[in-house]
*Asks:* 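Just passing along the structure, written as structure tokens.
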Amino acid sequence: MHVARLRTQLAPLDLREKLVTLRGGGGGYRMLVDPDDVDVVRFKRLAAQGFAELRVQCAGSAEVAFMEALGLWQGPVGQDCTASERLRSRFTALEELHLTVRERLVEARLRLGRTTELIPEILDILAAVPFREASWAHLMRAYYLGGDVAGAVSAWNRATATLGDQLGLDLSAELRELHLSILRRDDRAVRAPYASWPAEHPGPVNPAPRQADDRAERGHGPARGGAGLRPVPAGAVLRMPAAGRAGAG
């Protein structure tokens, strides 16, 4: 019954016939999909590509990679999916990576000369994660390079109030130096790409696939309504019990 429902959910994605029944060894089910057909895999690969392009100062190529990655994102990961604690932690890591890609896209566009038009996106990121110093720096640079020095100083004051007063965090030397560069009207220093903000993306962006220890928790169908990245990696084996309470698969 559970597998029949899963196949019904997979049908609109043209994946119904790729969920096959295993013979022998206790049975089970396997998704026969190529890694390139799994949007999570493609998202992580494109994110890694964008990070690499930024490191070598190729902002245009980084922008393209990040935009393609974000184009795969359709909503919260695992929406309407009953998940184990381990699977929820993986969903959280993907959401964190999604925020980081959005942040790095802003950085790439700042390097390409975009300024105040980026402010709404930066503010949206900070509303979700107010502790990200890189985004506060993006906001200061966007205001300053767009000709609004007062806005840049105001962004610094807000960063100080949020990070220091509300969260009790010490501001980094990089953010303080950016503030001084703005006060000195040092355009060159403000424009200079910074290479060593604290790492904020969650570990390796293309980890090795898990093996049999988490097969059971991959037995959830894709989120209804097309929301979210598909949580079922290529080659996942789904072990279904022959009997038990509803939802045990």
Side-chain angles (χ1 to χ4, degrees), residues 43-71 73 95-167 169-205:
F43 179 82
K44 290 180 178 180
R45 183 181 302 143
L46 288 164
Q49 179 183 336
F51 296 149
E53 296 290 355
L54 271 185
R55 283 195 294 270
V56 296
Q57 311 301 326
C58 294
S61 299
E63 181 187 29
V64 171
F66 291 145
M67 288 180 63
E68 187 175 348
L70 293 173
W73 201 267
E95 293 282 4
E96 177 75 8
L97 180 58
H98 172 244
L99 281 169
T100 298
V101 171
R102 289 177 61 192
E103 188 176 61
R104 296 299 181 262
L105 176 59
V106 169
E107 179 178 340
R109 287 173 169 169
L110 279 168
R111 295 187 186 191
L112 291 170
R114 307 271 291 276
T115 56
T116 53
E117 64 267 35
L118 300 174
I119 290 174
E121 171 69 0
I122 300 171
L123 292 175
D124 192 58
I125 293 172
L126 286 171
V129 281
F131 53 84
R132 311 272 281 217
E133 280 203 350
S135 281
W136 284 112
H138 293 163
L139 187 63
M140 292 163 63
R141 293 175 69 205
Y143 275 119
Y144 180 86
L145 296 175
D148 187 353
V149 178
V153 174
S154 176
W156 160 261
N157 292 334
R158 290 157 62 190
T160 301
T162 301
L163 296 172
D165 299 343
Q166 295 182 27
L167 301 178
L169 301 176
D170 293 330
L171 276 64
S172 69
E174 292 86 355
L175 196 63
R176 293 179 184 277
E177 185 60 33
L178 176 60
H179 176 229
L180 290 176
S181 297
I182 289 171
L183 295 179
R184 295 168 181 157
R185 307 295 197 273
D186 188 342
D187 293 2
R188 182 175 180 179
V190 173
R191 291 180 184 277
Y194 41 85
S196 59
W197 289 101
E200 292 163 338
H201 59 82
V205 294

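Reckoned from all heavy atoms, side chains included, excluding hydrogens, waters and symmetry mates.
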*Asks:* Search all heavy atoms of Arg141 against all heavy atoms of Arg191 and return the closest pair with its distance.
*Replies:* NH2-O, 3.4 Å

*Asks:* Distance from Ile119 atom CD1 to Leu126 atom CG, nearest 0.5 Å?
*Replies:* 11.5 Å

*Asks:* Once you round to the nearest 0.5 Å, how far does CD1 of Ile182 lie from CD of Glu177?
*Replies:* 11.0 Å

*Asks:* Does the side chain of Met67 come within less than 4.5 Å of Arg109's, by heavy atoms?
*Replies:* yes

*Asks:* Heavy atoms only: give me the nearest Thr116-Gly146 pair and the separation to one decimal.
*Replies:* CG2-CA, 3.9 Å

*Asks:* What heavy-atom pair brings Pro130 and Leu163 nearest, and what distance separates the two atoms?
*Replies:* O-CD2, 3.6 Å

*Asks:* Is the closest side-chain heavy-atom distance between Trp136 and Leu171 below 4.5 Å?
*Replies:* no

*Asks:* Identify the two heavy atoms, one from Asp186 and one from Tyr144, that lie closest to each other, and give their separation to 0.1 Å.
*Replies:* N-OH, 3.7 Å

*Asks:* Hey, mind stepping through Glu63 and Leu112 against side chain to side chain contact (heavy atoms under 4.5 Å, CB included) and telling me if it holds?
*Replies:* CA-CA 9 Å; Glu63 181 187 29; Leu112 291 170; 3.3 Å; yes

*Asks:* Report yes if some heavy atom in the side chain of Phe43 is under 4.5 Å from a heavy atom in the side chain of His98; otherwise report no.
*Replies:* yes

*Asks:* How far does CG of Leu169 sit from OG1 of Thr160, to the nearest 0.5 angstrom?
*Replies:* 11.5 Å

*Asks:* Where do Ala69 and Ala47 come nearest, in terms of heavy atoms and distance?
*Replies:* CB-N, 4.4 Å

*Asks:* Are Glu133 and Arg176 ion-paired here, with the side-chain N under 4.0 Å from a carboxylate O?
*Replies:* no

*Asks:* Please name all residues satisfying side-chain contact (heavy atoms from CB on, under 4.5 Å) with Asp148, sequence neighbours left out, ordered by chain then number.
*Replies:* Tyr143, Ala150

*Asks:* Using the side chain to side chain contact (heavy atoms under 4.5 Å, CB included) definition, which of the options Ile122, Val153, Leu178 pairs with Met140?
*Replies:* Leu178

*Asks:* Could you give the distance from CG (Leu118) to NE2 (His138), rounded to the nearest 0.5 Å?
*Replies:* 9.5 Å

*Asks:* Considering all heavy atoms of both residues, which atom of Ala189 and which atom of Ser181 are nearest to each other, and what is their separation?
*Replies:* CB-OG, 3.5 Å

*Asks:* If we count only N and O atoms by modelled type, under 3.5 Å, do the side chains of Arg132 and Thr100 hold a donor and an acceptor together?
*Replies:* yes

*Asks:* Under the side chain to side chain contact (heavy atoms under 4.5 Å, CB included) criterion, do Phe66 and Phe51 qualify, and how do the steps go?
*Replies:* CA-CA 9 Å; Phe66 291 145; Phe51 296 149; 3.7 Å; yes

*Asks:* What residues form a side-chain contact (heavy atoms from CB on, under 4.5 Å) with Glu121, not counting sequence neighbours?
*Replies:* Arg102, Val106, Ile125

*Asks:* Counting N and O atoms only, with roles assigned by atom type, does the side chain of Arg104 sit under 3.5 Å from a partner on the main chain of Ala62, one being a donor and the other an acceptor?
*Replies:* no

